[in-house]
Amino acid sequence: MEEKKKAEEELLEKDPTAGESDPAPGEASAEPEKTEAEGSPAEEPVPEETPDESGRDAEPEPKGRRGEIRKLKKELEETKKSLADAQKKAEEAGDRALRLAAEYDNFRKRTQSEKAGIYADAVSDTLRGLLPIIDNLQYAAKYSGGDAEKVAEGLTMILSKLPETLEKLGIKAFGEAGETFDPALHNAVMHVEDESLGEGVIVEVLQQGYMYGDKVLRYAMVKTAN
C-alpha cells in the first residue's frame with residue numbers, strides 16, 4: 001500500500017496532469033462550447049440594388065424595339081395626314097353638292113317659267129293668226145243682209161285665206177279624194193264596193209285632217225273603196 005502510494009506520488013511529480021481523469025462518456029464538458037454564431041461576427045444584410053429613378057442605370061431598349069416604335073409613329077402621322085385629306089375632300093364634295101342642288105333648283109324654276117312663257121306665246125300666235133278669219137266671219141254676218149249668195153261669197157273668200165293662215169302657224173291640212181288609205185293618217189268610217197277603183201282608195205273626205213310638223217292634230221275622216 002505504501003509502495004503504491006509512493007509510486008503515485010512519483011508519477012505526479014513527473015506529470016502533474018496525470019492525476020486528472022477524463023470525463024465519463026455522456027457527461028457534458030464543464031466549459032460550454034462556443035457556437036458558430038458566437039465565434040464569428042454576424043454578417044450584415046446586403047441591400048438589394050434598385051434602379052436609379054433618373055433612368056441612368058435602366059437597361060437600354062433593344063434596337064429592334066426602337067425601330068418598331070419609329071415605324072408606328074410614322075404610320076400614325078401618315079394616317080392623320082390621310083384623314084385630314086379625306087375630311088378636306090369630303091367638305092369640298094359637300095360644297096359642290098350644295099352648289100349643284102342650288103343650280104338645279106334655279107334651272108328647274110327657270111325651265112318652268114320658260115315653258116309657261118313658250119306656251120303662252122304659242123297660244124298668242126295661234127289666236128293672232130285666227131283673228132282675221134274671225135273678223136271676216138263677223139263682216140259676212142253683218143253685211144250679208146240675209147242674201148244667201150253674198151254669204152256664200154264671203155265664206156268662200158274666208159276659206160281661201162284659211163290655208164295661208166294655217167301655214168303661217170305651221171299647220172298643214174291633209175286628206176284628199178283619190179289618195180290611198182293610210183291608217184296612220186286616216187280614219188275610215190264608211191266603205192263602198194266599186195270595181196272601177198283600186199283597193200283602199202279614198203272615195204270621199206268627210207272631214208279633213210291636220211298636222212303640226214310630224215304630229216297628227218286630227219285624223220282625216222274618209223270613205224274608202226273595196
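By convention here, the first residue in the shown sequence is residue 1. Values reported hereafter were calculated over all heavy atoms of this structure, with side chains retained and with hydrogens, waters and symmetry mates removed.
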How far apart are the closest heavy atoms of A177 and V203, and which atoms are they? CB-O, 3.6 Å

Can you name the nearest heavy-atom pair linking P183 to Y219, along with the distance? O-CE2, 4.3 Å

Just how far is it from atom CD of E68 to atom NZ of K71, taken to the nearest 0.5 Å? 8.0 Å

State the CD-CZ distance between E103 and R96, to the nearest 0.5 angstrom. 12.5 Å

With heavy-atom distances below 4.5 Å as the criterion, would you say the side chains of M211 and L185 are in contact? yes

Should we say atom CZ of F181 is surrounded by more than 12 heavy atoms from elsewhere, each under 6.0 Å from it? yes

Separation between OG1 of T165 and CZ of R128, rounded to the nearest 0.5 Å: 13.5 Å

Enclosure of E149 CD (heavy-atom neighbours >12, cutoff 6.0 Å): no

Min side-chain heavy-atom separation M157-N136 under 4.5 Å: no

With a sphere of 6.0 Å drawn around CD of E195, does it hold more than 12 non-hydrogen atoms of other residues, nucleotides or ligands? no

Look at the side chain of N106 and the backbone N and O of A102, then say whether any donor-acceptor pair between them is shorter than 3.5 Å. yes

Give every residue pair that meets the side-chain hydrogen bond (donor to acceptor under 3.5 Å, both in side chains) criterion with at least one member in residues 78-88, sequence neighbours excluded. none

Cluster overlap V205 with M190, hydrophobic side-chain contacts below 4.5 Å: no

What heavy-atom pair brings Q208 and E176 nearest, and what distance separates the two atoms? NE2-OE2, 3.4 Å

Does one hydrophobic cluster hold both I133 and I171, with members joined at side-chain heavy-atom distances below 4.5 Å? yes

Membership question, hydrophobic clusters at under 4.5 Å side-chain separation (ILVMFWY): are L169 and L162 in the same one? yes

Hey, what do you get for CG (L100) to CG (D105), rounding to the nearest 0.5 Å? 12.5 Å

Would you please test H186 and I202 for side-chain contact (heavy atoms from CB on, under 4.5 Å) and show each step? CA-CA 9 Å; H186 306 121; I202 296 175; 3.6 Å; yes

In terms of hydrophobic clusters joined by side-chain contacts under 4.5 Å, are V151 and L137 together? yes

Say you draw a straight line from CG of D182 to CG of N187; how long is it, rounded to the nearest 0.5 Å? 12.0 Å

Main chain of K109, side chain of S113: is a donor-acceptor contact present, judged purely on distance under 3.5 Å? no

Exercise: identify the closest heavy-atom pair between E179 and G175: OE1-CA, 3.9 Å

How close do A188 and T224 get, heavy atom to heavy atom, and via which atoms? CB-CG2, 4.1 Å

Apply the test side-chain contact (heavy atoms from CB on, under 4.5 Å) to residues E164 and K168: give CA-CA distance (whole Å), side-chain angles for both, the deciding distance (0.1 Å), then the verdict. CA-CA 6 Å; E164 181 182 355; K168 290 179 180 179; 4.0 Å; yes

Enter the distance from E167:CD to K172:NZ here, rounded to the nearest 0.5 Å. 10.0 Å

Which heavy atom of V216 sits nearest to which heavy atom of F174, and what is that distance? CG1-CZ, 4.3 Å

Would you say that more than 12 heavy atoms from the other residues, nucleotides or ligands in this model lie under 6.0 Å from the CD of Q207, or not? yes

Hey, quick one: are L166 and L155 part of the same hydrophobic cluster, counting side-chain heavy atoms closer than 4.5 Å, chains of contacts allowed? yes

